[in-house]
Amino acid sequence: MTLFDVYPINDITIVKAKGSYVWDDKGDQYLDLYGGHAVISIGHLHPHWVQRIEEQLQKIAFYSNSVRIPLQQQLAEKLGKICGKEDYQLFLCNSGAEANENALKIASFHNGRKKVIAFSKAFHGRTSLAVAATDNKNYVAPVNESENVIFLPFNDEQALEDFFHQNGKEISSVIVEGIQGVGGINVADEDFLRKIRELCTEYGAVYIADGVQCGYGRTGKFFSHDFAGANADIYSMAKGMGNGFPVAGIIIAPHIKPKHFQLGTTFGGNHLACAAALAVLEVIEEEKLMGNAVMVGKYLKDELENIPELRRVRGRGLMIGFDVPDELKDLRKNLLWNQKTFTGEAKPNVIRLLPSLALKKRDAEDFIEGLKEEIQMLNSGQGAEVSERTPVESDTTEAK
Ligand SMILES: Cc1ncc(COP(=O)(O)O)c(C=O)c1O
């Protein structure tokens, strides 16, 4: 049997990881500013995370949601405190797509409506409704196409207002990333998010904040939507939640009431997943990682802004993107092969930085130094040899 070849991969086999570093089978060390696609939140193999999981493994790894799992309640309480939404209700599942799928579904159960508003360049996942709300035709199979999803331009308050004024009573939910990740690090305007809140309240629609990539402390606030100072009705989360252990969830405002059997999952919220997720929150709190994300993120952004070749440096905390001009199109692969540094990308020309929230300033300094070296090399016409060794030309950043 072969693997179903849907991932354009780098020709690297990672065999070991620690903190912000990974090592390949040849013993080469790489700085990981990609975090396996924004997943590594507290650092690879953080000792507290390892210990929590190991201890849990000695007790019980899994049982279904047909019995009490006190770890789920502990997780809900800890999460509520750290994210500042203690009156919300937690539903646990396994992936970002599943989280958004459930968010869209529960919104529709709640108000009995069918229409969903999503935005240009949005990415919400690969399952049927999440992918229908994703603005990329390559991911949407004919069976996923849905007239229920309407795409409006991102950050366009007027378009949103006009649409609501004409169709407001049909709209079930509005789903929006606080910072678009796959779309290329596009920050949602605070006014735009407040407008979504206002219109959803006025028309009885549900505001869904997709925090799968931009959430979990990455921007320095728990949810990047929080910068707008307006609460969403449902927040989705995944990636950083388990630091690599598959766990995801949605938190749901108290006015949306649960009914038995409306949502469900076999694996979601299992004992091991809860132990991993609790460890992550404990470390985020103990090591003040949201503060670190702000501090190291600011350093990186300031430095990047001072590099004249790079355009439109943007983002918040440790979710940063910048445009690379055509003359430097090999920059990302040269960073990988010459500087041994993983970064993310978004087509056509964006480099994305999504490191662990525990990234140390001196690692960020090393990165900036290596980046400048590579830019200088490319400016002087060198680096061709490296390009030939590079096998990957991916459609998106989704090498996961
Ligand atoms: C904003 C956003 N939502 C949803 C998803 C889907 O998450 P998953 O791949 O865990 O299903 C992603 C994944 O990249 C994402 O970036």
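Small disclaimer: the values here were computed from a predicted structure and weren't measured.
- Around the NZ atom of Lys18, the shell of radius 6.0 Å holds more than 12 heavy atoms that belong to other residues, nucleotides or ligands.
- The 12-atom threshold is exceeded at CD of Gln29, counting heavy atoms of other residues, nucleotides or ligands nearer than 6.0 Å.
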Note to self: Using the rule given for side-chain contact (heavy atoms from CB on, under 4.5 Å), can you reason through Ile368 versus Leu304, listing the C-alpha separation, both sets of side-chain angles and the distance that settles it, and then say yes or no?
What the structure shows: CA-CA 8 Å; Ile368 294 292; Leu304 291 166; 4.0 Å; yes
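- Looking at residues two or more places apart in sequence or on another chain, you find a ring pair (Phe, Tyr, Trp, His ring centres under 6.0 Å) between Phe119 and Phe192.
- The hydrophobic clustering, which links ILVMFWY residues whose side-chain heavy atoms are closer than 4.5 Å, places Ile234 and Leu92 apart.
- Here the shortest heavy-atom pairing between Val174 and Ile196 reads CG1-CG2, 3.8 Å.
- Annotation for Lys78: atom NZ counts as buried by contact number, over 12 foreign heavy atoms lying within 6.0 Å.
- Taking a cutoff of 4.0 Å between a charged side-chain nitrogen and a carboxylate oxygen, Glu147 and Lys115 do not qualify as a salt bridge.
- For Trp49 (side chain) and Gly242 (main-chain N/O), a donor-acceptor pair under 3.5 Å exists by modelled atom type.
- Side chains of Tyr21 and Asp363: a donor-acceptor N/O pair is present below 3.5 angstrom, by distance only.
- One N or O on the side chain of His225 and one on the backbone of Val176 form a donor-acceptor pair closer than 3.5 Å.
- Using modelled atom types, one finds a donor on one side chain and an acceptor on the other under 3.5 Å when comparing Glu101 with Ser128.
- Side-chain contact between Tyr34 and Arg352: absent, with no pair of heavy atoms (C-beta onward) separated by less than 4.5 Å.
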Notebook entry, point to check: Run the side-chain contact (heavy atoms from CB on, under 4.5 Å) check on Ile175 and His124 step by step: do they pass?
Noted result: CA-CA 9 Å; Ile175 183 164; His124 297 298; 3.5 Å; yes
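- Distance alone, capped at 3.5 Å, is enough to place a donor-acceptor pair between the Asn292 side chain and the Leu359 backbone.
- Linking Ile, Leu, Val, Met, Phe, Trp and Tyr residues whenever their side-chain heavy atoms come within less than 4.5 Å leaves Trp23 and Ile40 in two separate clusters.
- Of all heavy-atom pairs between Arg194 and Ala228, the closest is NH1-O, 2.9 Å.
- With hydrogens and angles disregarded, a donor-acceptor distance shorter than 3.5 Å links the side chain of Arg113 to the backbone of Ile171.
- Residues meeting the ring pair (Phe, Tyr, Trp, His ring centres under 6.0 Å) test with Phe342, sequence neighbours left out: Tyr30.
- One hydrophobic cluster, built from ILVMFWY side chains closer than 4.5 Å, holds both Val247 and Val283.
- Residues Asp326 and Lys329 are not paired through a salt bridge, judged by the lack of any N-O separation under 4.0 Å between the basic side chain and the carboxylate.
- Residues Met319 and Phe222 do not share a hydrophobic cluster, defined by chaining ILVMFWY side chains whose heavy atoms lie under 4.5 Å apart.
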Item checked: Verdict with supporting geometry, Glu287 and His46, side chain to side chain donor-acceptor pair (under 3.5 Å) -> CA-CA 12 Å; Glu287 299 184 6; His46 190 288; 2.8 Å; yes
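- For the pair Thr134 (side chain) and Asn136 (backbone), a donor-acceptor distance under 3.5 Å is absent.
- Lys361 meets the side-chain contact (heavy atoms from CB on, under 4.5 Å) test with Met295, Tyr299, Glu365; sequence neighbours excluded.
- Residues Leu272 and Ile53 meet the side-chain proximity criterion, which asks for heavy atoms closer than 4.5 Å.
- Gln56 contributes a side-chain N or O that, together with a main-chain N or O of Ile60, makes up a donor-acceptor pair within less than 3.5 Å.
- Between Ala205 and Asp233, the closest heavy-atom pair is O-OD2, 3.8 Å.
- Ring pair Phe123/Tyr139: centre-to-centre distance below 6.0 Å.
- Within the cation-pi definition used here (under 6.0 Å to the ring centroid, within 45° of the axis), Lys259 does not qualify as a partner of Phe109.
- The closest side-chain donor-acceptor pair between Gln213 and Glu177, if any, does not fall under 3.5 angstrom.
- Taking the ring pair (Phe, Tyr, Trp, His ring centres under 6.0 Å) definition, one finds that Phe245 meets it with nothing, sequence neighbours left out.
- Clustering ILVMFWY residues whenever any of their side-chain heavy atoms sit less than 4.5 angstrom apart, transitively, puts Ile351 in the very cluster that holds Leu300.
- Annotation for Leu71 and Cys274: closest pair CB-CB, 3.7 Å, computed over non-hydrogen atoms.
- Between the side chains of Asn334 and Gln339, not a single donor N or O lies within less than 3.5 Å of an accepting N or O.
- Leu278 approaches Leu75 most closely through the heavy-atom pair CD2-CA, 3.8 Å.
- Between the side chain of Ser120 and the main chain of Phe154, a donor-acceptor pair closer than 3.5 Å is present.
- Electrostatic pairing of Lys298 and Asp302 counts as a salt bridge here, judged by a charged N lying under 4.0 Å from a carboxylate O.
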Quick one: side chains of residues 80-88, donor-acceptor pairs under 3.5 Å with protein atoms, not counting sequence neighbours, listed by atom name and distance.
{"from": "Lys85", "atom 1": "NZ", "to": "Asp226", "atom 2": "OD1", "distance (Å)": "3.2"}
{"from": "Lys85", "atom 1": "NZ", "to": "Asn231", "atom 2": "OD1", "distance (Å)": "2.9"}
{"from": "Tyr88", "atom 1": "OH", "to": "Ala232", "atom 2": "O", "distance (Å)": "2.6"}

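- Judged by distance alone, with hydrogens and angles left aside, the side-chain atoms of Asn270 form a donor-acceptor pair with the main-chain N or O of Phe267 at under 3.5 Å.
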Next item on the list: Applying side-chain contact (heavy atoms from CB on, under 4.5 Å), run through Leu336 and Ile12 and close with a yes or a no.
Entry: CA-CA 10 Å; Leu336 178 60; Ile12 297 176; 3.9 Å; yes
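- Side-chain atoms of His44 and Asp32 include a donor-acceptor pair closer than 3.5 Å.
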Please list, one pair per line, the donor and acceptor atoms closer than 3.5 Å that link side chains of residues 308-318 to other protein atoms, with sequence neighbours excluded.
{"from": "Glu309", "atom 1": "OE2", "to": "Asn379", "atom 2": "ND2", "distance (Å)": "2.9"}
{"from": "Arg312", "atom 1": "NH1", "to": "Asp323", "atom 2": "OD2", "distance (Å)": "2.9"}
{"from": "Arg314", "atom 1": "NE", "to": "Gly184", "atom 2": "O", "distance (Å)": "3.3"}
{"from": "Arg314", "atom 1": "NE", "to": "Ile185", "atom 2": "O", "distance (Å)": "2.8"}
{"from": "Arg314", "atom 1": "NH1", "to": "Arg312", "atom 2": "O", "distance (Å)": "2.7"}
{"from": "Arg314", "atom 1": "NH1", "to": "Asp323", "atom 2": "OD1", "distance (Å)": "3.0"}
{"from": "Arg314", "atom 1": "NH2", "to": "Gly184", "atom 2": "O", "distance (Å)": "2.8"}
{"from": "Arg314", "atom 1": "NH2", "to": "Asp323", "atom 2": "OD1", "distance (Å)": "3.1"}
{"from": "Arg316", "atom 1": "NH2", "to": "Glu190", "atom 2": "OE2", "distance (Å)": "2.8"}

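- Of the N and O atoms on the side chains of Gln58 and Glu54, not one donor lies less than 3.5 Å from an acceptor on the other residue.
- The number of heavy-atom neighbours closer than 6.0 Å to CZ of Phe62, taken from other residues, nucleotides and ligands shown, is above 12.
- In terms of heavy-atom proximity, Ser41 sits nearest to Val280 at OG-CG1, 3.7 Å.
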Item checked: His110/Val206 under side-chain contact (heavy atoms from CB on, under 4.5 Å): CA gap, chis, key distance, verdict -> CA-CA 9 Å; His110 172 68; Val206 174; 3.9 Å; yes
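- With Asn65 contributing its side chain and Gly268 its backbone, the two residues share a donor-acceptor pair below 3.5 Å.
- Here the straight-line distance linking atom CG of Asp210 with atom CD1 of Ile250 works out to 11.5 Å at 0.5 Å rounding.
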Item checked: side chain to side chain donor-acceptor pair (under 3.5 Å) evaluation trace for Asp162 with Gln158 -> CA-CA 6 Å; Asp162 291 348; Gln158 195 56 55; 3.0 Å; yes
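- Between Glu170 and Lys114 there is no salt bridge, since no side-chain N of the basic residue sits under 4.0 Å from a carboxylate O of the acidic one.
- With Asp189 contributing its side chain and Asp191 its backbone, the two residues share no donor-acceptor pair below 3.5 Å.
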